[in-house]
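Letters A, B, ... mirror the listed sequences (proteins, then strands); counts begin at 1.
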Amino acid sequence: MSNLPEKLTKPYDPASTEARIYQLWEKSGFFNPDNLPARHQEPFTIIMPPPNANGRLHAGHGLTITLEDIMTRYQRMQGKKALWVPGADHAGFETQVVYEKKLEKEGRSRFKMGRQELYNEIMAFTIDSKKHMEADVKALGASCDWSREKFTLDASVVAEVQETFRNLYRDGLVYRGYRTVNWCTKHQTSLSDVETENVEKADKLYYIKYGPFIVATVRPETIFGDVAVAVNPTDERYQQFIGQTIEVQHPEGVLPLVIIADEEVDPAFGTGALKITPAHDHNDFRMAETHHLSRIEVIDQYGKLNEKCGKYSGMKILEARTKVVEDLQALGLIEKIEDYAHAVPTCYKCSTTIEPRVMPQWFVKMEPLAKLAADAVRGGNIKFIPDNFEKIFLYWMDNTMDWNISRQIVWGIPIPALVCTSCNAGTLDIDHKVGSACPTCSAPLTSETDTFDTWFSSGQWPLLALGYPKTKDLSFYPTNVMETGRDLIFKWIPRMVIFGLYLTGKVPFSTVYLHGMVNDKHGKKMSKSKGNVVSPIELTDKYGADALRIGLVIGNTPGNDIALAEDKIKGYKHFCNKIWNATRFVLSNTEGMSLYTPRPVLEKRDEEILAEFNTAITSITTHYENYRFHLAGEELYHYFWNTFADIIIEEMKPRLSGTGESSKQSAQWILLNILATTIKMLHPFIPFITEELWGILPRAEKSLLIVEPWPKSL
RNA sequence: GGGCGAUUAGCUCAGUUGGUAGAGCAGCGCUUUUACACAGCGAAGGUCGGGGGUUCAAAUCCCUCAUCGCCCACCA
């Protein structure tokens, strides 16, 4: 039993092993590609999607970290100069919302705090939360290079993001626009289109008498902001009115409305006549631009009717709606009211109905940029896994609208600009001084207080994470794989492609691997309100990180959602236990033999076993190469349990205790070498237990499994 | 209104280029045999959503229908 170390006489205990093994790896320095042995030349790079630094990791992060670590570890063993760059995201609006909830609980409000005070508090909170997030990433076994970790508010990142803005401005790709934006009346900020969520709502459709017309609307309270009635130019019913101005009666007086003709009006909907409220509807705003109509703002930033609304001023939208309808009814101006179901945009964080408001904000001109991205993808420069996401990506790129990057929150990167106190024009901060005259209207300029949409900086992340524009690490760019949740196919992926191409002319990654959502065991979305949230760290504590990792990957195809059942993870803990015990058996029966023992003359049966095993190596390696990790894991699992443990070990038992010395040696060699090689191939999935076992296997030198060459054949 | 995905054993899901179905968990029976009861062995369980087509052969390709889910959308 000389081959059997003390450790193996006890059951495997992840809790006492994992932290120790992780330290071993960190101490080795191999997470940093600069420290890898000389055989590692060709770079393999993954940029970690920086987890939000405002809390612990959730189950989805568990899957991300696992998949990326599998790729990184596999490529490192394959001899690549593997770099996986970790990060932490300040997560602008997200974090500010988290912090506002905290303030609310404490009976405080951001609106009663100074900007700097609020910023400092959120920074302190984030720096503290970041530590927990990082500890979670480590607990999952991530072999990322912490020496290169970046935070999205690092000074160098902020400076470069601002520089990109200036470049876009100079290139005419960023501009200050004055138009309707998506306004959240609770959070007091505008939001981009991807930050709103369309929710199906049951409303009423009111048919209101407008002079000779009847218009259908769900928002009668905006009547005071109406400037026109639009009809389709081909609509015969209304031909004689086009171009005329009519007078429309309402509870507070009379409105003069011009009748315009616009293709966008659908003659079949409602009455074919549409009231136009340019200041409070995106569509109406556009029409008003086309027809040079004025805008009357009647709803304020808090969602209340303003002083232009007579007796309704100060009322909230819904209250005013009820009142206005009552009064219109009293005047006999309501023709009918119908039930109406439609989708309304809401704030994705608080579900408050978005109020379109006309505001001066910064926009990125998307069309030329999106074309760069679409061309690159059409040209085959980026491969999507699964490939149907390419279509989704292209649809998105072919249908962009200009991107509002201004946020009225303090937690973010300041937009480096000056804005006019009078005419809403904007200039770069470095081109003028605060207080100097606006180039357009000569009024004094003041500092912009808005911050960037988080995705503006995140979109540049592959470059920023590599220290761009410093050239030191740019040999790792373009990166190989961007692995992230499939929900980011339009929020994040396109922006990275765009900025990568804009800044360097090169796509930021050649492969996009998208995983599905991690749901609860019944396949339902996890949410705090449903109480079905599963913490990856709890599972790690209970079953070990290895069990969680392999359990997350096996049975889950790219792009498809996964149902995370605790029992499944438990099952893979049993697998780890199986490996542990099989190793115990093999080592206690291979006395005097090491991994360096030359191959003895093998029995015919052993040659067969070997041939079968070599076939498995090839198959498993092919799965790894093709990003089919669920199949690689499954095949390893089945080979180890159902072939190696159930058949091979059992078959060898009589030979190990028998008297035929050469038969015994052949059996021992087969057992030890298949065991060791399988452990290597399992390492990317279950790094902790395999590294621990590798340290126990009989070898002369104590090298680490993490840099062991990937096996070819036995 | 569009787009996408799913529909396979009681539950959650695999099944890479077409060749008469698999895993985990649950459940049933037996077994403490030189690792492992966090185990082994054995049995049971599915006409792979319905229908049609291509093929010697389809869960796998094509058409169609149905149901569920997700995403997108400036018909008020």
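- For the contact set between residues 280-292 of chain A and RNA chain B, defined by any heavy atom under 4.0 Å, the members are A/Asn283, A/Arg286.
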Using nucleotides 22-26 of chain B, report all nitrogen or oxygen pairs with the protein that are shorter than 3.5 Å.
{"residue": "B/C25", "atom": "O2'", "partner": "A/Asp567", "partner atom": "OD2", "Å": "3.0"}

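- The side chain of A/Tyr340 contributes an N or O atom lying less than 4.0 Å from OP1 or OP2 of B/A76.
- RNA chain B is contacted by no residue of residues 225-237 of chain A, taking any non-hydrogen atom closer than 4.0 Å.
- Separation of the A/Phe490 and A/Tyr395 ring centroids does not fall under the 6.0 Å cut-off.
- Residues passing the ring pair (Phe, Tyr, Trp, His ring centres under 6.0 Å) test with A/Phe585: none are found, sequence neighbours excluded.
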Between N or O atoms, less than 3.5 Å apart, protein on one side and nucleotides 68-72 of chain B on the other: list the pairs.
{"residue": "B/C70", "atom": "O2'", "partner": "A/Arg486", "partner atom": "NH2", "Å": "3.4"}

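- Phosphate contact (OP1/OP2 of B/A14, side-chain N/O of A/Thr557, threshold under 4.0 Å): present.
- Between B/G1 and A/His342, no contact under 4.0 Å exists linking OP1 or OP2 to a side-chain N or O.
- For B/C4, the OP1/OP2 oxygens have a side-chain nitrogen or oxygen of A/Lys391 closer than 4.0 Å.
- The aromatic ring centres of A/Phe685 and A/Tyr624 sit less than 6.0 Å apart.
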If pairs are Watson-Crick or G-U with both distances under 3.5 Å, what is the dot-bracket string of RNA chain B, marking crossing pairs with [ ] and pairs to another strand with |? (((((((..((((........))))..((((.......))))......(((((.......))))))))))))....
